[in-house]
Amino acid sequence: MGKLYFYNTLGREKDLFMPLSNGKVLVYTCGPTVYHYAHIGNLRAFVFADILNNTLKQNGYTVKHQINITDVGHLVSDDDDGEDKMEKGSLREGKSVWEIAELYTQAFFEDLLDLNIDKDKFIWTKATDYIPEQIEMVKALEEKGYTYKTEDGIYFDTSKFPKYTELANIDIEGLQKGKRIADDKNEKRNKTDFALWKFSPKNEKRQMEWDSPWGIGFPGWHIECSSMSRAVLGEHIDIHTGGIDLIPVHHTNEIAQSEASLEDGHRFVNYWMHVNFLNADKEKMSKSSGDFLRLLSIKEKNISPLSYRYLLLMTHYRKELKFSWESLDAADNAYQKLIKKFKAIVENGKERVSLNELSFEANNYKEAFENAMNDDLNTSMALAKMWSLINDKNISDKEKHTLILYFDKYLGLNLSHEKNKV
RNA sequence: GGUGCGAUGGCGAAGUGGCUCAACGCUGCGGUUUGCAAAACCGCCAUUCGCGGGUUCGAAUCCCGCUCGCACCUCCA
């Protein structure tokens with residue numbers, strides 16, 4: 001097992017990775033919401049999760065990696081009578097909310113397949129399959145005195161959890177009025193308090209609603225990750241990943257729920273890893289429906305989705321990526337060239353050598369590549385090492401063949417198969 | 001208002017004190033090859049790392065100040 005260093009959002013520095021139990025790593029990734037198609041920005045988080053998963057495995061760990069699917073609708077923010085996004089989608093498309101969830105879940109899985117992400121590596125859990133667990137957790141929090149009831153739901157009292165600001169470094173006083181916290185009409189005690197259970201609106205039948213000790217309703221949107229991760233991975237997990245936007249609200253709330261319901265002082269998560277955003281050149285990557293770039297848009301331009309994956313690997317995951325068609329073209333050129341070069345290498349060096357009988361020089365490339373990946377998943381550096389290897393005339397094609405296939409176990413660029421268009 | 005991130009060649013991007021007077025890829029340019037072209041191959045393309053100071057034998061890398069840009073806090077990852 002090599003030495004892995006990960007940048008931890010909690011503490012904001014690169015730490016040596018030490019798993020909770022020997023040889024086994026528990027990972028949780030915040031997954032998609034399934035009332036719309038994923039745009040390519042969403043997908044960045046899952047390519048990252050995939051690379052992380054690969055790297056852990058290459059380092060000899062057994063990885064148990066869970067991703068949730070948010071199929072419960074939650075209220076559209078601002079106004080009180082805001083519609084639920086699932087229900088809204090249902091209305092829009094004339095399908096039941098369950099059909100909506102299924103439709104977009106399948107579309108999401110297709111995107112993963114296109115990106116060479118084997119979905120079977122992960123344990124997928126749907127929020128609607130874990131309603132009893134979510135209710136249990138809310139009950140536990142209630143028993144410990146962390147909750148209170150208002151007209152529209154059961155809320156978590158964040159003032160009772162002193163470490164609340166730890167992850168995001170939130171200045172509660174500084175939170176501006178008029179933003180999400182402004183709805184003082186719903187009797188929230190603190191600006192940062194959030195719903196654990198929401199009551200169904202009176203005189204209205206929702207398509208998704210469940211009975212609970214507090215009345216008919218549906219879970220708050222943070223509780224699903226806390227309770228599902230506990231159900232599948234246990235109370236303590238090694239690594240939790242997600243988009244950078246989840247830090248201040250969602251992950252902060254997750255920590256509060258999970259740790260408040262544990263014994264004092266126990267950490268819910270040891271390493272928090274956050275993927276930066278991909279932003280479009282001109283238009284902002286759209287948040288809700290509307291126009292946004294799908295993987296399909298890339299395919300329609302006859303560009304391989306794996307070229308998009310290559311583009312993602314060109315930049316470090318913690319760095320913002322500005323998407324443009326120019327940069328995707330550059331990535332596509334590089335990726336297609338890589339495939340060609342690799343094919344030529346395979347033809348000249350058909351039989352491979354074993355990884356432990358590499359020449360000294362070839363082994364240097366192996367180590368340089370591993371070091372790059374193990375240093376907080378520096379894929380950009382790793383790609384550079386791969387190119388240097390390809391261009392090195394002193395290494396035999398047999399060894400190159402061996403090494404590139406090995407590298408691709410980390411990178412997942414599907415270099416060994418023929419499904420790529422050339 | 002709060003929080004966080006960033007500024008490196010035409011573009012993307014690595015590099016956190018000496019092995020980098022700056023990797024790797026894309027583009028471009030010159031050449032070899034070719035009937036021409038494409039492809040392939042060979043070669044070239046930042047004395048410089050936003051600006052101004054400072055620390056040091058030595059800084060893109062550390063410190064101070066400044067300028068500019070971006071993101072999140074509105075259920076986008």
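Only this structure's heavy atoms are used, side chains among them; waters, hydrogens and symmetry mates stay out. Lettering of chains follows the sequences in order, A, B, ..., and the numbering in each one begins at 1. A quick note: this is a predicted structure, and the numbers were derived from the prediction, not measured.
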Qualifying residues under side chain to side chain donor-acceptor pair (under 3.5 Å), relative to S359(A), sequence neighbours excluded: E399(A)

Sugar-phosphate only, base, or nothing, as touched by T33(A) at under 4.0 Å among non-hydrogen atoms: sugar-phosphate

Same-atom distance (P) from rU56(B) to rU61(B), integer angstrom: 16 Å

Residues that E136(A) engages under salt bridge (Lys or Arg N to Asp or Glu O under 4.0 Å), provided they are two or more places apart: K139(A)

Aromatic ring pairing F156(A)/Y146(A), orientation class (parallel under 30°, perpendicular over 60°, tilted between): parallel

Partner residues of D375(A) under the side chain to side chain donor-acceptor pair (under 3.5 Å) criterion, sequence neighbours left out: K14(A)

Pick out the pairs of N or O atoms, protein on one side and nucleotides 31-33 of chain B on the other, that lie under 3.5 Å.
none

Provide a list of protein-nucleic acid N or O atom pairs under 3.5 angstrom, restricted to nucleotides 9-13 of chain B.
unit_1: rA13(B); atom_1: O2'; unit_2: S380(A); atom_2: OG; d: 2.8

Pairs flagged by salt bridge (Lys or Arg N to Asp or Glu O under 4.0 Å) wherever residues 221-233 of chain A is involved - sequence neighbours left out: none

Watson-Crick or G-U pairs under 3.5 Å in RNA chain B, rendered as dot-bracket with [ ] for crossing pairs and | for another strand: ((((((((.[[[..)..(.....]]].(((((.......))))).....[[[[[..)....]]]]])))))))....

Phosphate contact (rC5(B) OP1 or OP2) by N276(A) side-chain N/O below 4.0 Å: no

Side chain to side chain donor-acceptor pair (under 3.5 Å) involving K205(A) - partner list, sequence neighbours excluded: E209(A)

Listed pairs, N/O of protein and of nucleotides 38-46 of chain B, under 3.5 Å:
unit_1: rC41(B); atom_1: OP1; unit_2: K341(A); atom_2: NZ; d: 2.9

By salt bridge (Lys or Arg N to Asp or Glu O under 4.0 Å) - contacts of D71(A) (at least two apart): none

Residue pairs, two or more places apart or on separate chains, that pass salt bridge (Lys or Arg N to Asp or Glu O under 4.0 Å) and touch residues 40-55 of chain A: D50(A)-K121(A), D50(A)-R309(A)

Side chain to side chain donor-acceptor pair (under 3.5 Å) against Q66(A), all qualifying residues, sequence neighbours excluded: T125(A)

